[in-house]
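Everything on this sheet refers to the single structure shown next.
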Amino acid sequence: MSEGDSAGESIHGKPSVIGSFFTRLGQIYQSWLDKSTPFAAVRWIVTLILTIIYMIRVYILQGWYIVTYALGIYHLNLFIAFLSPKVDPSLMDDAGKLGRFGIILDDGPSLPTKQNEEFRPFIRRLPEFKFWHSATKGVVIAMICTFFEAFNVPVFWPILVMYFIMLFCITMKRQIKHMVKYRYLPFTHGKRTYRGKEDTGKTFARSKNIRAVIQKTFELFKLNFLPSGYQQLQVMRFAVEEINNSTSLLPNVSLGYEIFDYCSRTQNFPAVFDLLSTNGSVPVTYGATSTQLSDKIKFPSFFRTVPSDKHQVGLIVRLLRMFKWNWVAFIGGDSDYSRDALQFFSEEIPSANICLAYQGTVTRTAPEIDEMIDVIDDLQIGVIVLFAEQSDVTLFIQQAVKRNVRNKVWIASEAWSLNQQLLSSAGIDSIGTVIGITIQGLGTLPGFKEFVSRTMTRRKTQTCPSEQRVSPMETCNQLCPQCSGVTPQDIINEDPTYSFSIYSAVYAIAHSLHQALQCSVNGCSGSGPVYPYMVFEKLKKVSFTLYGHTIEFDEYGDPSPYYEIVVWDKTSPELFKKIGSYSPQTQPEFILNKSLIHWHTNGVVPVSVCSPECPLGYKKSQVGHHECCFECEACPNGTYVNYTADPSTCNKCEVDEWAEEGSSYCQKRILVYLDYTELLSIGLMLSASFLISISAAVAIVFACSFNTPVVKSAGGKMCFFMLGCLTVSCCSVFFYLGIPGREKCLLRNPVFVVFYTACLSCLAVRSFQIVCIFKMAAKLPKAYDFWVKHNGQWLTIMSCVGIQVILCAIWIGVEGPQPLNNTATYEDQIIFHCSMGNEVAFNIVIMFVGFLSIACFIFSYMGTDLPKNYNEAKSITFSLLIFFLSWISFLTAYMVHKGKYIQAINAISVLASLYGIVFGYFIPKCYIILYKPEKNTTAHFQTCIQNYTQRISSM
């Protein structure tokens, strides 16, 4: 299976014009600093002059004392750092020096502790050049501050002088005690010097017409002889010999080389630096992968034929993300190689949701490695990124084999991914699966085996002239005592990781010389010497092909990155089996064939996570400080978790959405309301229409019998007013159907309440008026006359209706009924209905209706003993009883049910109240008019009145 990435970004963005300007400015500034390095005395004299000028300015201005005090403290700190050793002896124990993680280090420069000990130069914490540079910058900044009044803080300067003197004395006393205690002086002295030879013993092809171009190649030999370093030397010699034998690349020009072991002894540094500064050089490295070397301000003339570690770390992160390994350990060595990779790895993994469960530094003691392995096992880490040099990796892997570490996935950096000695070591199969990252290479270079066999066999017959041997350890040319024990097969079997990088580095120099010397197949026509800056300019433009690979450098001196991914498989003829490749160009290409990997877990991809993934609808609640360690919690109703945006938060659904417990998405709610097409709605509309029809029929009957006693006793003209109010109130039922809008909400209850109030007031006034005629007219004749003369019944009715209209206007004006979407009652529904508005105003409106209802009851029961034809108590009681029962039912349902049918119940209550008046008050009278005409006569009514009068008189 393979997969590719079609989108990405290059390792460096294109710089802007402003960025290029400041970069160029920085390069010029750094160049002048480099040129001033040898002139220490001149530099310090300039700084002293600047300091004197600053002091004169402060004296003349009589101010900025606080700036001067700060400058003095800053210079004092620089001076103390200048006098202090780089490695503080107080941090050493009896076994050695303690490193950053408590690791015992037993190599590197330190202070001498014995007189007869090997000479070790004093290495300062702050070198002299940095001391001068920082001190000068401090004086310049202080000078600039004196031009701004804001820095002129008023202060009593004698106190500052006293403080500075006291601080200087205390600090110097402590520093001198430290020097006495650990017996050192902050100056290098005591080393005997010798005059070097004029002849180095190296031979070159030189003639009057042939220019000799020297390529300086510096190899790493750590104390002991390393066959890998010797193999890399042979690769360089092989490339040089090929170029010298070429008739087209550098005809009539021969390349030579000088080799320096610059890491095995610290005192070799001055000799190497002297060579670089005297003859000049253009560094082209084959193995330095630090990302810092791409900084052209610090390293303006640096080139390399190996990609930056930034790309390699990016590939490792891609692998981890592909296999969903988010709980990993990063093990490195105590070197910049590992530290730079760890820094970039830590910056890359957060965006990939990968947690660095453990990071450690390989030590040289087995107990500390065992402790690291124990921590990895305790944390249940299944994937280990081992980014370190071969020597450190060998120690760690060997100890892991001894500890019987099993079933791990090891991600190998390019430094040890092709280590054949480690692959062939005992017990290596048990540690798990090893996936390695390798740089662009060809394995063994074509023709290299023959070259090694030929040259190393010939070497055995060569001897060094006795006059060139100064000591048993000093040799001539490539001959050395340690090399005699190495066979050609040993060299061929060495790790070929850097072979192609070395090979292409030599060819890059040759191609730049080819351009600088203006060479062709007929020879080189360039005249005059070739300087390093000329080679530098040509190297930037070099572009050629070696065995199908393009060699060129970008603006940062880096080659085109290309990596291959291999897996260790001892069962395959190809021990390092290629399973993929990665090229992070403008359009990154990442290819990986997972089927070629034989996992140690019976073919199943291993798992390395702190916590398993949560089921759908469960959020991640972080446990501890690692985002990869979490507990799963189900999201409650109405919320969901979006794993893409934020897997640790339950998001609320939108108003028109809902979600069950443990949901990963929201669903649209169902919109619920009383639609016109529902059966219940149709029934309500038919009931309202029927009531309107009955009211119209009653009005017709009453109109036809307007002058009859029944109609007159029922109220006469007032009956038509009541029937009209009942009809309008009945129309409010239609506003309960369909999607409620603002108009419908306003025309529901207010319309019903106002016109129903008119009906109740008519009933109350009619009952009161009958009682007055039979019981109060004789006792209060003037009051009754006033009532009749001024139409007291209509004034009362209009007053009641007016009061109710005012109350409804206040209700609507403060906060009237509004359309409301009820989303709280049901999770999956949105109920469209109308709110009641301001509850206080609504309750006052209802209380007024209740007051009229009570008045009707009182007046109707006051006339229970009146003539039967004028006794309305039964009719009014029946009507009001229906009114109270219907609205009590509605209020009860409203408290326990909030669905869409509450609107229907409200409409039913309205209809019931109206039907109660029609059937309780009007229908009985229509029955008498239509079916009992004998009771609708004046004589019948007079008989009833006479009987009432006789009954009252007899009492």
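Since the structure is predicted, the reported quantities are computational estimates derived from the model, not experimental observations.
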**Prompt:** Would a 4.5 Å heavy-atom cut-off, applied to side chains only, mark Met718 and Ile797 as touching?
**Reply:** yes
**Distance in Å, Ile844 CD1 paired with Cys808 SG, rounded so as to fall on 0.5 Å steps** = 11.0 Å
**Message:** So, taking the atom named CG in Leu674 and the one named CD in Gln903, what distance separates them when rounded to the nearest 0.5 Å?
**Reply:** 6.5 Å
**Message:** Would Cys725 and Cys762 count as a disulfide pair, i.e. SG atoms separated by less than 2.5 Å?
**Reply:** no
**Asked** How about Cys704 and Ile700: do any of their side-chain heavy atoms sit closer than 4.5 Å?
**Response** yes
**Asked** Just by modelled atom types, is the Phe630 backbone N or O under 3.5 Å from a matching donor or acceptor in the Ser611 side chain?
**Response** yes
**Prompt:** Are Lys925 and Tyr921 in a cation-pi setup, meaning NZ or CZ lies under 6.0 angstrom from the ring centre and within 45 degrees of the ring axis?
**Reply:** yes
**Prompt:** So does Gln380 have more than 12 non-hydrogen atoms from other groups sitting under 6.0 Å from CD?
**Reply:** no
**Message:** Using a 3.5 Å distance criterion without hydrogens, assess whether the side chain of Ser879 forms a donor-acceptor pair with backbone atoms of Gly916.
**Reply:** yes
**Prompt:** Is the gap between the SG atoms of Cys355 and Cys610 under 2.5 Å?
**Reply:** no
**Request:** Applying side-chain contact (heavy atoms from CB on, under 4.5 Å), run through Thr796 and Ser761 and close with a yes or a no.
**Result:** CA-CA 8 Å; Thr796 303; Ser761 61; over 6 Å; no
**Message:** Does Glu627, at its CD atom, have more than 12 non-hydrogen atoms belonging to other residues, nucleotides or ligands within less than 6.0 Å?
**Reply:** no
**Point-to-point distance, once rounded to the nearest 0.5 Å, from CG of Leu679 to CG of Leu686** = 10.5 Å
**Message:** More than 12 heavy atoms of other residues, nucleotides or ligands under 6.0 Å from OH of Tyr618: yes or no?
**Reply:** no
**Prompt:** In Å and rounded to the nearest 0.5 Å, what is the CG to CG distance from Leu592 to Leu319?
**Reply:** 6.5 Å
**Ring centres under 6.0 angstrom apart (Trp887, Tyr894)** = no
**Prompt:** Is it true that Cys650 and Cys635 have SG atoms closer together than 2.5 Å?
**Reply:** yes
**Prompt:** Should we count CD of Glu633 as having more than 12 external heavy atoms under 6.0 Å?
**Reply:** yes
**Request:** Ignoring hydrogens and angles, tell me if any N or O in the side chain of Trp327 forms a donor-acceptor pair with the backbone of Val383 under 3.5 Å.
**Result:** no
**Verdict with reasoning, Tyr756 to Leu914, per side-chain contact (heavy atoms from CB on, under 4.5 Å)** = CA-CA 8 Å; Tyr756 191 76; Leu914 300 176; 3.9 Å; yes
**Prompt:** Where the side chain of Ser664 meets the backbone of Leu616, is there a donor-acceptor pair that is under 3.5 Å apart?
**Reply:** no
**Prompt:** Do Asp675 side-chain atoms and Glu678 backbone N/O form a donor-acceptor pair below 3.5 Å?
**Reply:** no
**Prompt:** So is Lys744 actually on top of Phe734's ring, under 6.0 Å and inside 45° of the axis?
**Reply:** no
**Message:** Run Ser732 and Val910 through side-chain contact (heavy atoms from CB on, under 4.5 Å) and show every step you take.
**Reply:** CA-CA 8 Å; Ser732 67; Val910 170; 4.0 Å; yes
**Asked** Are any of the side-chain nitrogens in Lys620 or Glu613 under 4.0 Å away from the carboxylate oxygens of its partner?
**Response** yes
**Asked** Which atoms form the tightest heavy-atom contact between Ala688 and Cys730, and what is the distance?
**Response** O-SG, 3.1 Å
**Request:** Check whether any side-chain heavy atom of Ile354 sits under 4.5 Å from a side-chain heavy atom of Cys628, and report yes or no.
**Result:** no
**Request:** Tell me, yes or no, whether the heavy-atom count around Tyr665 atom OH, taken from other residues, nucleotides or ligands under 6.0 Å, exceeds 12.
**Result:** no
**Message:** Looking at Phe919, I'd like to know if its CZ atom is crowded, meaning that more than 12 non-hydrogen atoms belonging to other residues, nucleotides or ligands lie closer than 6.0 Å.
**Reply:** yes
**Prompt:** Any idea which heavy atoms bring Met722 and Leu763 closest together, and the distance?
**Reply:** CE-CD2, 3.4 Å
**Prompt:** Do you know which two heavy atoms are closest between Pro750 and Trp811, and how far apart they sit?
**Reply:** CG-CZ3, 3.8 Å
**Asked** Do Ile923 and Ile694 have side-chain heavy atoms sitting under 4.5 Å apart?
**Response** yes
**Complete:** Hits for side chain to side chain donor-acceptor pair (under 3.5 Å) against Tyr736, two or more places apart or cross-chain, chain-then-number order -> Asn749, Asn906
**Prompt:** Given side chains that start at C-beta, do those of Phe883 and Val849 come closer than 4.5 Å, heavy atoms only?
**Reply:** yes
**Message:** Can you confirm whether Val609 sits close enough to Trp325 that some side-chain heavy atom of one is under 4.5 Å from a side-chain heavy atom of the other?
**Reply:** no
**Message:** Quick check: do Phe706 and Lys712 have side-chain heavy atoms less than 4.5 Å from each other?
**Reply:** no
**Asked** What distance separates Leu852 CG from Met847 CE, expressed to the nearest 0.5 Å?
**Response** 12.5 Å
**Complete:** Residues Glu348 and Val317: closest non-hydrogen pair is CB-CG2, 3.9 Å
**Message:** Tyr640 vs Trp658, test: side-chain contact (heavy atoms from CB on, under 4.5 Å). Steps then yes/no.
**Reply:** CA-CA 9 Å; Tyr640 72 101; Trp658 72 286; over 6 Å; no
**Asked** Would you find a donor on one side and an acceptor on the other, under 3.5 Å apart, between the side chain of Ser681 and the backbone of Thr677?
**Response** no
**Prompt:** Just by modelled atom types, is the Phe735 backbone N or O under 3.5 Å from a matching donor or acceptor in the Arg748 side chain?
**Reply:** yes
**Asked** What do you reckon, Cys614 and Cys632 SGs under 2.5 Å?
**Response** yes
**Request:** Look only at the side chain of Arg669 and the backbone of Asp656, and say whether a donor-acceptor pair between them is shorter than 3.5 Å.
**Result:** no
**Prompt:** Is a side-chain donor or acceptor of Ser705 paired with a backbone partner of Phe702 at a separation under 3.5 angstrom?
**Reply:** no
**Message:** I need the Ser853 OG to Phe848 CZ distance, nearest 0.5 Å.
**Reply:** 10.5 Å
**Request:** Decide whether Ser835 and Gln818 meet the rule of one side-chain donor and one side-chain acceptor closer than 3.5 Å.
**Result:** no
**Message:** Is it the case that the side chain of Thr649 and the backbone of Asp646 share a donor-acceptor pair, with hydrogens and angles ignored and the cut-off at 3.5 Å?
**Reply:** no
**Prompt:** Any idea which heavy atoms bring Thr757 and Cys800 closest together, and the distance?
**Reply:** CG2-O, 4.1 Å
**Asked** Got Ile882 and Tyr915 here, is their nearest side-chain heavy-atom distance under 4.5 Å?
**Response** no
**Asked** Which atom pair, heavy atoms only, marks the closest approach of Leu726 to Ser695?
**Response** CB-OG, 4.5 Å
